[in-house]
Visitor: 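Supplied in structure tokens, the structure appears directly below.
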There are 2 protein chains.
Amino acid sequence: MIKLSKKIEYGILALQYIAVHSDKIVSAKEISEQMGIPYEFLSKTLQQLMKKGLIVSQHGIKGGYILGKNANDMTVKDIIIALEGKASFLDCFVSSNGLICDRSPNCTIKDPMEKLQSKVMQVFNTTTIAEIATI
Amino acid sequence: MIKLSKKIEYGILALQYIAVHSDKIVSAKEISEQMGIPYEFLSKTLQQLMKKGLIVSQHGIKGGYILGKNANDMTVKDIIIALEGKASFLDCFVSSNGLICDRSPNCTIKDPMEKLQSKVMQVFNTTTIAEIATI
DNA sequence: TTAATATCCGACTATTGTAATCCGATTTTA
DNA sequence: TAAAATCGGATTACAATAGTCGGATATTAA
């Protein structure tokens with residue numbers, strides 16, 4: 001299947017919510033309730049985004065999250081990489097030399113697929129949270 | 001994960017192989033051996049492509065497959081739809097009215113994600129087997 | 001100083017979808 | 001009529017996703 005995982009969907013929803021409510025600190029509970037996302041799962045996702053610097057956390061009773069950088073500088077590709085470590089279509093693109101599957105190194109689709117992938121990644125890399133948050 | 005399934009990877013590989021060897025009928029066994037794809041799984045994939053007209057089958061001892069239409073008119077999107085029925089990022093885009101998940105109809109990411117998706121689909125829709133087969 | 005509320009973190013379970021396999025039927029050609 | 005191919009349903013195996021649970025830590029406010 002060619003689709004975005006729930007984790008990425010939730011990540012985008014959360015970042016959008018935090019961006020729209022940038023005048024205050026937003027808690028995971030608030031996002032969970034307002035966006036209809038399972039609380040525990042969302043918490044995990046937010047912690048991952050925090051570790052990658054996309055958001056900044058504040059502990060304690062008045063705690064929550066704010067954006068870690070400008071929404072204009074935060075792309076969908078950033079989110080995918082923060083939450084899944086990579087953003088690639090085929091497994092062979094994960095390693096640096098590309099020699100993973102049986103067909104390597106004489107794979108006939110590696111080069112054309114790499115071009116296809118870079119085109120798609122360019123779309124992800126030019127779509128920002130600022131765009132998504134502006135409704 | 002944002003990645004292409006093995007089925008789609010195999011489908012692209014098979015179509016590429018058939019396109020390159022368009023001077024003859026190519027059997028599933030030959031593709032399986034040459035491309036290193038599990039025979040039974042590949043057979044199923046080829047049957048799906050056949051049902052959608054991307055390839056034409058020939059029964060019997062000298063049987064196999066040839067392209068069902070010009071490689072220039074066969075896009076990656078065609079392959080994805082033939083093998084998975086749809087080509088969408090989020091589940092809510094599957095239905096025509098988009099009212100599936102909890103957030104509908106007031107979902108705040110549906111519209112921006114729909115734009116993102118259409119951009120990606122345009123990439124898939126403008127990449128042909130002819131391009132992929134020309135190495 | 002203590003209770004409340006929040007993030008943080010590891011481990012675990014449940015579910016789903018993918019990938020692969022098995023078995024047999026049908027078709028065509030030599 | 002035997003061999004080699006496609007066809008098709010059912011089943012199994014496996015991996016990744018999605019979600020849950022329990023508890024530790026940090027911060028604030030009463």
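Throughout, protein chains are lettered first and strands after them, A, B, ... in sequence-line order, and every chain is numbered starting at 1. Only a predicted model underlies this, so the values are computations on that prediction, with no experimental measurement involved. Side chains are part of it too, since the values below use all heavy atoms of this structure and drop only hydrogens, waters and symmetry mates.
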Visitor: Quick one: label B:Tyr10 by what it contacts on the DNA or RNA (base, sugar-phosphate, nothing), any heavy atom closer than 4.0 Å.
Guide: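 B:Tyr10: backbone/sugar contact only, no base atoms under 4.0 Å.
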Visitor: Please determine whether a side-chain nitrogen or oxygen atom of A:Tyr39 lies at a distance below 4.0 Å from atom OP1 or OP2 of C:dT7.
Guide: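 Yes, within the criterion.
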Visitor: How about B:Tyr10 and B:Ile31: do any of their side-chain heavy atoms sit closer than 4.5 Å?
Guide: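 Counting from C-beta outward, B:Tyr10 and B:Ile31 never come under 4.5 Å.
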Visitor: Is a side-chain donor-acceptor pair under 3.5 Å present for A:Gln48 with A:Lys7?
Guide: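 Side chains of A:Lys7 and A:Gln48: pair found under 3.5 Å.
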Visitor: Are A:Phe41 and A:Met35 connected in a single hydrophobic cluster, I mean Ile/Leu/Val/Met/Phe/Trp/Tyr linked by side-chain heavy atoms less than 4.5 Å apart?
Guide: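 They do share one cluster, since a chain of ILVMFWY contacts under 4.5 Å joins A:Met35 to A:Phe41.
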Visitor: Would you mind reading off the distance between B:Lys51 atom NZ and D:dT6 atom P, rounded to a whole angstrom?
Guide: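 Between P of D:dT6 and NZ of B:Lys51: 15 Å.
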Visitor: Measure from CD1 on B:Ile37 to C1' on C:dA19 and round the result to the nearest Å.
Guide: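 Distance, rounded to whole Å: 13 Å.
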Visitor: Identify whether A:Met50 and A:Ile129 are in the same connected component of the hydrophobic contact network (ILVMFWY, side-chain heavy atoms under 4.5 Å).
Guide: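 Yes; A:Ile129 is reachable from A:Met50 via cluster members.
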Visitor: Considering the options A:Val20, A:Ile79, A:Leu15, A:Thr127, which one meets the side-chain contact (heavy atoms from CB on, under 4.5 Å) requirement together with A:Ile132?
Guide: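 That would be A:Thr127; it is the only one of A:Val20, A:Ile79, A:Leu15, A:Thr127 passing the side-chain contact (heavy atoms from CB on, under 4.5 Å) with A:Ile132.
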Visitor: Considering only side-chain heavy atoms of A:Met50, which listed nucleotide, C:dT21, C:dC8, D:dT28, is closest?
Guide: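 Looking only at side-chain atoms, A:Met50 lies closest to C:dC8.
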Visitor: Of the listed nucleotides (C:dA6, C:dT18, D:dT6), which one gets closest to any side-chain atom of B:Ser5?
Guide: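 In terms of side-chain proximity for B:Ser5, the closest of C:dA6, C:dT18, D:dT6 is C:dT18.
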Visitor: A:Ile25 CD1 to C:dT7 P: how many Å, rounded?
Guide: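 The distance from CD1 of A:Ile25 to P of C:dT7 comes to 10 Å, rounded to the nearest Å.
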Visitor: Among D:dT28, C:dA20, D:dT6, which nucleotide sits nearest the side chain of A:Lys62?
Guide: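 Nucleotide nearest to A:Lys62's side chain: D:dT28.
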Visitor: Closer to the 5' end of DNA chain D via nearest nucleotide, is it B:Lys29 or B:Glu40?
Guide: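 Nearest-nucleotide comparison on DNA chain D picks B:Lys29.
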Visitor: Rounding to a whole Å, what distance do you find between A:Lys3:NZ and C:dT16:C1'?
Guide: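 Rounded to whole Å, this separation is 9 Å.
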Visitor: Is B:Val56 linked to B:Ile25 within one hydrophobic cluster, defined over Ile, Leu, Val, Met, Phe, Trp and Tyr using a side-chain heavy-atom separation of less than 4.5 Å?
Guide: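 Linked, B:Val56 and B:Ile25 end up in one cluster.
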Visitor: Below 4.0 angstrom from OP1 or OP2 of D:dT28, is there any side-chain N or O of A:Gln58?
Guide: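 Yes, such a contact exists.
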Visitor: What do the steps show when you test B:Tyr39 against B:Glu33 for side-chain hydrogen bond (donor to acceptor under 3.5 Å, both in side chains), and what is the final call?
Guide: CA-CA 8 Å; B:Tyr39 173 73; B:Glu33 290 170 350; over 6 Å; no
Visitor: For the pair made of CG in B:Leu13 and P in C:dA19, what is the distance, rounded to whole Å?
Guide: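 Rounded to whole Å, this separation is 13 Å.
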Visitor: Give me the bend of the helix from C:dT1-D:dA30 to C:dA30-D:dT1, using the axes of the five pairs at each end, rounded to 10°.
Guide: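 Computed angle between terminal axes is 10°.
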Visitor: Which nucleotide wins on minimum distance to the side chain of A:Glu84, given the candidates C:dT21, D:dT20, D:dT17?
Guide: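 Selected nucleotide (nearest to the side chain): D:dT17.
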Visitor: Round to the nearest Å and state the distance from B:Leu42 atom CG to D:dC7 atom C1'.
Guide: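 Between C1' of D:dC7 and CG of B:Leu42: 14 Å.
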Visitor: How long is the line joining NE2 of B:His59 and C1' of C:dT29, in whole Å?
Guide: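 My rounded result for the distance is 13 Å.
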Visitor: With no angle test and no hydrogens, is the base of C:dG10 tied to the side chain of A:Lys44 by a donor-acceptor pair under 3.5 Å?
Guide: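 Yes, a donor-acceptor pair under 3.5 Å.
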Visitor: Quick one: on DNA chain D, does A:Gly63 or A:Phe41 contact a more 5' nucleotide (nearest heavy atom)?
Guide: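 This one resolves to A:Phe41.
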Visitor: Let me spell it out: for each of A:Ile61 and A:Ser57, pick the nucleotide of DNA chain C with the closest heavy atom. Which residue's pick is nearer the 5' end?
Guide: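 The 5'-side residue here is A:Ile61.
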Visitor: Atom CD of A:Gln48 to atom P of D:dA18: distance rounded to whole Å?
Guide: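 In whole Å, D:dA18 P lies 12 Å from A:Gln48 CD.
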Visitor: Specify the closest pair of heavy atoms between A:Leu46 and A:Ala28, including all atoms of both residues, with the distance to one decimal.
Guide: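 Closest pair (atom of A:Leu46, atom of A:Ala28, distance): CD1-CB, 3.6 Å.
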